[in-house]
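Predicted model, so just to flag it, every value in this text is computed and none were measured.
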Amino acid sequence: NTPGEPGADAAPQLAAFAAGAMAEGAVHLDPVQAGVVAEQLRETARYRRWQLLAAAVLATHVHLVVGVPGDPDPERLLADFKAWCSRRL
């Protein structure tokens, strides 16, 4: 991709599937909101006593690497992080 030019849609079927799976419309975070989300991720991990190893908060999505004791359901972790970030925003 060339900076300033539209990106190539490498996986249109995957994009269509992902859009269909979304329960709500997409959210685009501005820099202030991204900072709020990053702080909430850290706070949630501290409260739950999880180890937040890495986090990347982008305008359209978030990446996390989290160390947790035991073998919890990843969906449960995702739900906790999303719920607290939504409340904070």
Side-chain angles (χ1 to χ4, degrees):
N1 293 337
T2 303
E5 297 292 322
D9 189 4
Q13 291 175 324
L14 178 59
F17 173 79
M22 291 176 60
E24 301 289 334
V27 173
H28 290 85
L29 302 176
D30 64 31
V32 172
Q33 292 170 323
V36 168
V37 167
E39 179 53 38
Q40 184 59 54
L41 294 169
R42 288 189 290 272
E43 184 178 321
T44 300
R46 273 192 307 272
Y47 179 80
R48 297 284 188 226
R49 298 181 190 251
W50 298 335
Q51 187 176 13
L52 185 58
L53 301 169
V57 180
L58 294 92
T60 58
H61 63 283
V62 173
H63 294 275
L64 297 174
V65 178
V66 184
V68 297
D71 187 22
D73 179 7
E75 294 296 324
R76 176 72 178 129
L77 276 69
L78 177 63
D80 275 0
F81 280 120
K82 286 176 70 172
W84 283 104
C85 287
S86 294
R87 288 182 189 109
R88 177 66 65 94
L89 287 172

Inset, instruction - Can you see which heavy atom on Pro69 is nearest to which on Pro72, and at what distance? - result: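 Of all heavy-atom pairs spanning Pro69 and Pro72, the closest is O-CD, 3.6 Å.
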
Legend entry - Rounded distance (nearest 0.5 Å) linking atom NE2 of His61 with atom NE2 of His28: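 So the gap between those two atoms works out to 11.0 Å.
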
Inset, instruction - Check whether Phe81 and Val27 end up in the same hydrophobic cluster, where Ile, Leu, Val, Met, Phe, Trp and Tyr are linked by side-chain heavy atoms less than 4.5 Å apart. - result: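 Yes, because Phe81 and Val27 connect within a single hydrophobic cluster, where side-chain heavy atoms sit under 4.5 Å apart.
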
Inset, instruction - Spell out, yes or no, whether Val62 and Val68 are grouped together once hydrophobic residues are joined by side-chain heavy atoms under 4.5 Å, including indirect joins. - result: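 Yes; tracing contacts between hydrophobic side chains, which count when under 4.5 Å, links both residues.
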
Inset, instruction - For Arg88 and Glu43, run salt bridge (charged side-chain N to carboxylate O under 4.0 Å, His left out): C-alpha distance rounded to whole Å, both residues' side-chain angles, the deciding distance at 0.1 Å, then the answer. - result: CA-CA 11 Å; Arg88 177 66 65 94; Glu43 184 178 321; 2.7 Å; yes

Please examine the side chains of [Y] and [X], heavy atoms only from C-beta on, and report whether any two atoms are closer than 4.5 Å.
X: Leu52; Y: Arg46; value: no
X: Val37; Y: Gln40; value: no
X: Leu89; Y: Leu29; value: yes

Legend entry - Atom CH2 of Trp84 with >12 non-hydrogen neighbours under 6.0 angstrom: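 At most 12 heavy atoms, drawn from other residues, nucleotides or ligands, come within 6.0 Å of this atom.
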
Inset, instruction - For atom CZ of Arg49, decide whether the heavy atoms of other residues, nucleotides or ligands shown that lie under 6.0 angstrom number more than 12. - result: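 Result for CZ/Arg49: open.
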
Inset, instruction - Answer yes or no: is there a donor N or O on one side and an acceptor on the other, between the side chain of Gln33 and the main chain of Asp30, under 3.5 Å? - result: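 Yes, Gln33 side chain to Asp30 backbone: donor-acceptor pair under 3.5 Å.
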
